[in-house]
Amino acid sequence: MADTKVTVRDNGPLLVTGFGVVEDAEGNAFATGGKETIALCRCGASKNRPFCDGAHRECNFDAVDRATDE
Ligand code: FES
């Protein structure tokens, strides 16, 4: 299996590459259409959660997070 990479986008979703499966709390898999990279909503405004549908652009989601050594 490929390494998993999560990229925190400025004012946007979490891009996940190299994932295995995305499940709900009951263990049911969401359809990901065979994509290698998915975008997970972190603004809460998507109508297609847990996936990003671009709604973060309309809700003024403001999150610019940078990694630190701490
Ligand atoms: S992060 Fe894109 S819709 Fe929420």
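Just follow the structure's listing: the first ligand is 1, and inside any ligand the first atom is 1. Keep in mind it's a predicted model, so treat the numbers as computed, not measured.
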How about L15 and T17: do any of their side-chain heavy atoms sit closer than 4.5 Å?
-> no

Other residues, nucleotides, ligands: >12 heavy atoms within 6.0 Å of N60 CG | no

Can you find a pair of side-chain heavy atoms, one from V22 and one from T32, that are under 4.5 Å apart?
-> yes

Quick one, list the residues around ligand 1 where some non-hydrogen atom comes in under 4.0 Å, by chain and residue number.
-> G12, P13, C41, R42, C43, S46, C52, D53, G54, A55, H56

So, do S46 and D53 sit near enough that their side-chain heavy atoms are less than 4.5 Å apart?
-> yes

Between R42 and N11, the two heavy atoms sitting closest are NH2-N, 4.1 Å

Decide yes or no for K5 and V16: does some side-chain heavy atom of the first lie under 4.5 Å from some side-chain heavy atom of the second?
-> no

